[in-house]
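A short worksheet on the structure shown next.
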Amino acid sequence: MYLPVTPTTPLVTLLEGATPLLRAPRLARHLPGIDLYLKYEGQNPTGSFKDRGMTMAMSKALEEGSRAVVCASTGNTAAAAAAYASRAGVPCFVVVPAGGVAVGKLVQAMAHGARVVPVEGSFDEALRIVRDAAPRLRLTLVNSVNPFRIEGQKTGAFEVCDALGRAPDVLAIPVGNAGNITAYWRGFVQYRTAGRISTLPKMWGFQAAGAAPLVLGHPVERPETVASAIRIGRPASWDSAIAAARESGGGFEAVTDEELLAARRLLAVEEGVFVEPSSAAPIAGLLKRTREGRLPEGPSIVCVLTGHGLKDPESVLRTERRPEGVPATPEALERAVDEVLAVR
Ligand code: F0G
């Protein structure tokens, strides 16, 4: 009833979705007064929320007799497209910014046998290329400009409401190409229209300071941030993202790379939830608001944690030191134990 599929649509699925909505009591101590929840999208089959959109896009591509699919990507769309194309038995081409994709994601696309085309340019340029070339080459474009991607991704909003029994007061979400904030807002609005919820959340979108076009109000020519997933200067879903923020009474805010890495660390250490840097943007944003006294008391806030930490292992090494080898003796272990427990 909510998705554009018919009984004859061939479903290409890896049983994505149904991800946990976790409470975060230890993290919440850093955010006094907040009823905090984490929607852990890293638990999807390829480790990001992209799987929700890709099952739809690939099913419809198969239904329409597509001969191959293509996307531009900062990595996660590429990994999901590659996996679901394999599942569908359709060739897959992924165009990525050369040197701009975290190793875990690149390896996923390669592992699934996609043809990876690194271009000497940004994600925005890669997207321009595939939008231009896809029709001419008769390839199905599976970026979020494909409307079926958004349709699939809106199910995240449904699950949040199903788990809470209502809509949260605030949905906090990282924003890059702006497809996901568009999708969540559509999901909430549809659920209200259907009478399944009675209120709508405020949509708070968080961008990296070096790649924050929606905060600045204009495109960014050379976006730069440690959070490579959202290193995007010209979001394709600009208008619908602005509409989601405006209609919901929300808005956009930027967080620095230092704030992103600190929030990633806090989430992993305090709650056992490991995410890639971009996914820590909502947490970083809430911590910043708390520090600045701009977080009201009482609201229920759901943070969408978009991608698993194993996607980008190198980012961890920016804040953590690699452990040094020690002699293979019980005493060496004892010294390590003493060191740690002495400071507790
Ligand atoms: N978080 C992660 C982990 C992402 O991979 C992305 C986008 C976003 C957040 C932002 O979502 O673009 O819908 O606003 N990744 C895309 C990709 C661009 O190619 O994988 P958005």
Side-chain angles (χ1 to χ4, degrees), residues 19 39-44 46-54 57 70-83 94-97 100-102 104-106 108-109 114 116 122-127 130 141-146 149-150 152-154 156-157 171-187 203-208 211-215 223 225-238 240-242 244-245 252 255 260 264 274-285 303-312 315:
T19 57
K39 182 65 171 162
Y40 190 23
E41 289 291 281
Q43 294 240 359
N44 276 296
T46 77
S48 89
F49 71 96
K50 305 287 181 177
D51 296 347
R52 293 181 185 275
M54 210 52 78
V70 67
C71 67
S73 181
T74 56
N76 281 324
T77 296
V94 305
V95 182
V96 299
V101 173
K105 307 172 189 180
L106 190 63
Q108 283 181 289
V116 179
S122 66
F123 166 82
D124 302 289
E125 288 167 286
L127 184 59
V130 296
L141 185 59
V142 294
N143 279 104
S144 57
V145 293
N146 176 328
R149 278 277 312 278
I150 304 291
Q153 284 173 212
K154 75 187 179 189
L171 188 92
I173 187 168
V175 177
N177 213 23
N180 212 28
I181 190 169
T182 300
Y184 266 82
W185 181 238
R186 185 181 299 174
M203 303 294 284
W204 287 0
F206 293 95
Q207 301 205 286
L214 292 163
V215 180
T225 167
V226 65
S228 57
I230 52 173
R231 196 180 287 148
I232 295 174
R234 206 176 274 276
S237 297
W238 183 293
S240 50
I242 296 284
F252 297 96
V255 288
L260 282 174
R264 185 217 61 75
F274 184 25
V275 301
E276 60 173 288
S278 59
S279 303
I283 306 292
C303 292
V304 184
L305 306 181
T306 47
H308 200 285
L310 289 172
K311 294 274 193 176
D312 190 357
S315 71

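Counting starts at 1 for both ligands and their atoms, in listed order. We're numbering straight along the sequence, starting at 1. On a predicted model such as this, the values are computed, not experimentally measured, just so you know.
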Quiz item: Among protein heavy atoms, which lies nearest atom 8 (C) of ligand 1, and at what distance?
Solution: Ile230 CG2, 3.7 Å
Practice problem: Quick one: look at Lys311 and ligand 1, take heavy-atom pairs under 4.0 Å, and tell me if it's side chain, backbone, both or neither. | Solution: neither
Quiz item: Just which atoms of ligand 1 are under 4.0 Å from any heavy atom in Glu276?
Solution: 3 (C)
Quiz item: Between Val145 and Ala236, what is the shortest heavy-atom contact and its length?
Solution: CG1-CB, 3.7 Å
Quiz item: Looking only at heavy atoms of Ser48, does any of them come nearer than 4.0 Å to an atom of ligand 1?
Solution: no
Practice problem: Output yes when the distance from some N or O of ligand 1 to some N or O of Thr77 is under 3.5 Å, and no in every other case. | Solution: yes
Quiz item: Could an N or O of ligand 1 be found under 3.5 Å from any N or O of Asn76, whether backbone or side chain?
Solution: yes
Quiz item: How far apart are the closest heavy atoms of Ala79 and Lys105, and which atoms are they?
Solution: CB-O, 4.2 Å
Practice problem: Measure the spacing between OG of Ser73 and CG of Asn143 and express it to the nearest 0.5 Å. | Solution: 7.0 Å
Quiz item: Going by the atom numbers of ligand 1, which of them fall below 4.0 Å from some non-hydrogen atom of Ser278?
Solution: 1 (N), 2 (C), 3 (C)
Quiz prompt | From OH (Tyr184) to CG (Asn180), nearest 0.5 Å | solution = 6.0 Å
Quiz prompt | ligand 1 atoms in contact with Ser73 (distance to a heavy atom under 4.0 Å) | solution = 17 (C), 19 (O), 20 (O)
Self-check item: Closest protein heavy atom (residue, atom, distance) for atom 16 (C) of ligand 1
Solution: Lys50 NZ, 2.8 Å
Quiz item: Is there a donor-acceptor pair closer than 3.5 Å between any side-chain N or O of Asp124 and the backbone N or O of Arg234?
Solution: yes
Practice problem: Mind checking whether Ile232 contacts ligand 1 via backbone (N, CA, C, O), side chain (CB onward), both or neither, at a 4.0 Å heavy-atom cut-off? | Solution: side chain
Exercise. May I ask you to list the atoms of ligand 1 that are less than 4.0 angstrom from any heavy atom of Thr74?
Key: 15 (N), 16 (C), 17 (C), 18 (C), 19 (O), 20 (O)
Quiz item: Considering only the protein, which heavy-atom contact is closest to atom 4 (C) of ligand 1, and what is its distance?
Solution: Ala229 CB, 3.6 Å
Quiz item: How far is atom 11 (O) of ligand 1 from its nearest protein heavy atom, and which residue and atom is that?
Solution: Phe49 CZ, 3.5 Å
Quiz item: Closest non-hydrogen protein atom to atom 13 (O) of ligand 1, residue and atom name please, with distance?
Solution: Asn180 N, 2.8 Å
Quiz prompt | Distance (rounded to the nearest 0.5 Å) between Arg264 CZ and Glu276 CD | solution = 11.0 Å
Self-check item: Spatial distance of atom CZ (Arg52) from atom CG (Asn44) [nearest 0.5 Å]
Solution: 5.5 Å
Quiz item: To the nearest 0.1 Å, how far is atom 1 (N) of ligand 1 from its closest protein heavy atom, and which atom is that?
Solution: Thr306 OG1, 2.6 Å
Exercise. Return the residue, atom name and 0.1 Å-rounded distance of the protein heavy atom closest to atom 12 (O) of ligand 1.
Key: Asn177 N, 2.7 Å
Quiz item: If you measure from OG1 on Thr19 to CZ on Phe49, what distance do you get to the nearest 0.5 Å?
Solution: 12.0 Å
Exercise. Search all heavy atoms of Tyr40 against all heavy atoms of Phe274 and return the closest pair with its distance.
Key: OH-O, 2.9 Å
Quiz item: Shortest non-hydrogen contact from Ser278 to Ala229?
Solution: OG-CB, 3.5 Å
Self-check item: Proximal ligand 1 atoms for Gly179, defined as those under 4.0 Å from one of its heavy atoms
Solution: 13 (O), 14 (O), 21 (P)
Self-check item: Closest contact, heavy atoms only, Glu41 versus Thr306
Solution: CB-O, 3.8 Å
Quiz item: Looking only at N/O atoms, are Gly176 and ligand 1 under 3.5 Å apart anywhere?
Solution: yes
Quiz prompt | Minimum heavy-atom distance between Thr46 and Gln108, given as atom pair plus value | solution = O-NE2, 2.9 Å
Quiz item: Is Val175 close to ligand 1, meaning an N/O of one under 3.5 Å from an N/O of the other?
Solution: no
Quiz prompt | Ile173 heavy atom under 4.0 Å from ligand 1 | solution = no
